[in-house]
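So the structure is just underneath, and the comments pick up after that.
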There are 2 protein chains.
Amino acid sequence: MSTVQGARARARLEVTAAIKDEARRQLAAEGAAKLSLRAVARELGMVSSALYRYFPSRDDLLTALIIDAYDSLGQSAERSHEAVAEAAPLERWVAVCEAVRRWSLDHPHEYALIYGSPVPGYVAPQATVPAAARVGLLLIGVVRDAHDGPGGLEELPAVPEELRAEADRIAADLAPDLPAPVAAALVVAWAQLFGLVGFELFGQFNRVVEEREPFFRHAARQLGRGVGLH
Amino acid sequence: MSTVQGARARARLEVTAAIKDEARRQLAAEGAAKLSLRAVARELGMVSSALYRYFPSRDDLLTALIIDAYDSLGQSAERSHEAVAEAAPLERWVAVCEAVRRWSLDHPHEYALIYGSPVPGYVAPQATVPAAARVGLLLIGVVRDAHDGPGGLEELPAVPEELRAEADRIAADLAPDLPAPVAAALVVAWAQLFGLVGFELFGQFNRVVEEREPFFRHAARQLGRGVGLH
DNA sequence: GTGCTGACAAGAGCATTGCTCTCGTTTGTG
DNA sequence: CACAAACGAGAGCAATGCTCTTGTCAGCAC
């Protein structure tokens, strides 16, 4: 045992990383549909069959890229949030939303991979769940801070009777310390945020919205108000 | 000229329709990624090269399916709207939203085709634009009716200064008879609607929201209030 | 040190795909 | 009636994901 981890294991990690890097490059350049195992192998100077020692199938490679994408998005959002950690909750909320938008515009194909149509079959592998939750947790955190902070949270109208139980369940799962209407509104806002980003990204706003950035900022603000921030 | 349109032309239309039908079947069964020209031809008892007389490429077939999907969605929404044409504007708004959700759940792969990641390259062919606008126009109509109707429209706060000009432009393009803040809010709500639907469809709500239908109805109602309906 | 085992790379190969080209045949029309 | 356009069939090309077999080399136990 000359090295801590074994030279073999280290080499394996390096090759795995190189494969993912090259795959990410092709993903960014051409999109998920054109990501080809053979092309990745070719670019790396290996033969295609050798690649299967590291990823048992193309879908497994894609899954790895999906997890990385969630992480990258989460990290971006968290960093942007830290930069305005002292600001008022509504400003922090908007900052997180804008970070999500920025990342998405900068990584359109990776966005499509995680929030567009599920590319492989339909399976969202269990492994992606924790990574996927990061942005959501961040938004919850902002609202919780506002709730506990000096200004408090705007009181939201009660949810309709038919939704009372469900809202309670959502709150219990996501943020037991927040009022049920706030928790429900948070989930709605979370989905709506990605609706806005997706529409801009996939061209639905072409010929409709020109000044995308102020438009989005305004919408994000409204979203924040919808969960009780002010 | 024995027939009105020529037997040949009619045959062509029939074959074209048969191809699209079979393609739609495969799309619904397996998704856009697995839609194969050869498989379609095989199922129709023709040879693959013959199919190219009708669609010059796989992308062209997909484009045809996209237009049909937009039309199908638009028709669904319009029908649902007509069924509640006498109701209050907010009810009609919710009905249209629910029709969009219903159609999307019933045609997940077609939804993915038009609102998911752009499957081929990036091109949204010009031909799809009018079909794509139908749901939007329907929503605009509901709000316009409310604006002109007895109850009127809730007054919306003015948009921030940085967005004033853009909101005016959007209103001029989309609905010159509506106040600019309403027009801007409409675009936002439009995007958010598809954010909600997409999140449910693509599994983002798994383990988060259980009672999807009342949850969506509530969210749709909020969306309607956001554009001034009541 | 010396073997042995398991990880690895390389190559050939299979089924499938989108698409092109060529060659007869049919068909509607000037 | 003749002719051109439309059509179907088949072969073929380059590429893909994936499998199987074969040779090789590194790292471990003895």
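Worth knowing before you read on, the calculation uses all heavy atoms, side chains too, and leaves out hydrogens, waters and symmetry mates. A, B, ... follow the sequence lines: proteins, then strands. Residue 1 opens every chain.
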Checklist entry - Do the charged groups of A:Glu211 and B:Arg169 touch, with an N to O distance under 4.0 Å? => result no
Checklist outcome for this item: To the nearest angstrom, the CE-P distance between A:Met46 and C:dA9 comes to 5 Å
Checklist outcome for this item: Separation of C:dC8 atom P from A:Leu44 atom CG, nearest Å, is 15 Å
Checklist entry - What is the ring orientation for B:Phe199 with A:Tyr115, classed by angle as parallel under 30°, tilted 30 to 60°, or perpendicular over 60°? => result parallel
Checklist entry - When all nucleic acid strands are considered with a 4.0 Å heavy-atom cut-off, which category describes A:Tyr54: base, sugar-phosphate, or nothing? => result sugar-phosphate
Next on the checklist: Students often mix this up, so state it plainly: with edges at 30° and 60°, are the rings of B:Tyr111 and B:Phe202 parallel, tilted or perpendicular?
Outcome noted: perpendicular
Item to check | Footprint string (nucleotides 10-18 of chain D, 5' to 3'): B base within contact, S backbone only, - free, heavy atoms under 4.0 Å | outcome: B-B---BBB
Next on the checklist: Below the 4.0 Å mark, does D:dC7 have OP1 or OP2 next to a side-chain nitrogen or oxygen of B:Arg12?
Outcome noted: yes
Checklist entry - Rounded to the nearest Å, what distance is computed from the CZ atom of residue A:Arg53 to the P atom of nucleotide D:dT19? => result 12 Å
Item to check | Within-4.5 Å side-chain heavy-atom neighbours: A:Phe55 and A:Lys20 | outcome: yes
Checklist entry - Is B:Arg25 paired with B:Asp21 through a side-chain N to carboxylate O contact shorter than 4.0 Å? => result no
Checklist entry - Between B:Arg207 and A:Asp173, is the closest basic N to carboxylate O distance under 4.0 Å? => result no
Item to check | A:Leu51 CG - C:dG11 P separation (whole Å) | outcome: 15 Å
Checklist entry - Roughly, in whole Å, what's the span from CD in A:Glu14 to P in C:dC8? => result 13 Å
